[in-house]
Amino acid sequence: MAQITEGVYFIQGQDDFIPDSHAYVVGKPGSQDLSLIDAGLMGKGMYKIQSILNMGIELKAIKRIIMTHTHLDHIGCLAEIREQIPWAELWMHDIEAGPLEEGDERTVYGMEMFQNMCMMQYNLKPGAFAFHVEGRLHGEENLDIGGMTWDVLHIPGHSPGSIGLYNRLEKILIPGDVVYADYAIGRFDLHGANASELKNSLLHLAELEVDILLPGHNRIVTDLPAGYIADTATQWAPYLV
Ligand SMILES: [Zn+2]
Ligand SMILES: [Zn+2]
């Protein structure tokens with residue numbers, strides 16, 4: 001785990017047969033009000049917890065887990081992590097919270113063929129991802145957490161309830177799987193995905209000043225060129241109709 005700035009820590013995903021999402025811990029160290037952003041793939045829970053401990057962060061300082069979205073590679077080890085920090089609340093966008101609480105796992109798995117393969121590979125039972133959600137986000141919130149302000153942006157398209165977290169002061173964007181480094185964007189062929197919504201979400205993000213891009217996979221970027229997200233949106237626009 002690496003410190004990006006004072007109050008933002010990066011835990012690199014440990015890819016398996018399936019990619020493991022990165023996780024981030026946000027909040028000023030003295031606040032005792034930290035948030036874990038995303039969990040990761042099945043079997044990676046102890047790795048994520050150990051990475052947090054290795055940074056000298058006390059687990060009891062983690063007050064909530066905020067999901068950028070509920071795809072399997074982000075939520076797979078949520079139960080493992082919650083066993084270690086059972087007091088932490090679970091926050092996510094309302095649109096993905098409802099189905100999750102009802103045991104509708106279509107967004108988690110994304111497609112039926114993938115669901116069958118994963119359930120066999122990881123011995124998952126139906127209902128493995130039915131969680132109670134304590135915090136339902138809608139976008140447009142300004143969260144004052146951990147001594148920092150994070151704007152919640154609803155950026156659907158990769159999944160219906162994808163959110164980004166944006167720190168205006170330090171120009172940090174955590175966009176989940178909506179936009180990555182190297183002009184890559186999230187896939188838009190899974191359950192609940194929508195290409196034109198993804199285009200609008202990229203255009204929404206393009207309005208922000210972003211220096212530090214902390215996506216769900218692949219490289220993180222700490223010196224993002226101006227106009228990067230706008231350029232990415234332009235490159236992909238012909239495919240996002
Ligand atoms: Zn992902
Ligand atoms: Zn995803």
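Ligands are counted one by one from 1 in listed order, and the atoms in each one are counted from 1 as well.
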Asker: State the atom name: nearest N, O or S atom of D177 to the Zn ion (ligand 1).
Answerer: OD2
Asker: Should the ring pair Y24 and H22 be called parallel, tilted or perpendicular, given that the plane angle runs from 0 to 90° and is split at 30 and 60?
Answerer: perpendicular
Asker: With V108 as reference, evaluate L100, L124, D73 under the side-chain contact (heavy atoms from CB on, under 4.5 Å) test and give the passing residue.
Answerer: L100
Asker: Under 6.0 Å between ring centres: does that hold for Y239 and F188?
Answerer: no
Asker: Could you check whether any side-chain N or O of K44 sits under 3.5 Å from a backbone N or O of G13, counting only pairs where one atom can act as donor and the other as acceptor?
Answerer: no
Asker: Restricting to N, O or S atoms of H69, which is nearest to the Zn ion (ligand 2)?
Answerer: NE2
Asker: Provide the atom name of the closest N, O or S atom of D73 relative to the Zn ion (ligand 1).
Answerer: OD2
Asker: Hey, do the aromatic rings of H158 and H71 have their centres closer than 6.0 Å?
Answerer: yes
Asker: Checking one value in my table: which N/O/S atom of H71 lies closest to the Zn ion (ligand 2)?
Answerer: ND1
Asker: Would you check if the Zn ion (ligand 1) lies under 2.8 Å from any N, O or S atom of H217?
Answerer: yes
Asker: Just give me the atom name: the N, O or S atom of H74 closest to the Zn ion (ligand 1).
Answerer: NE2
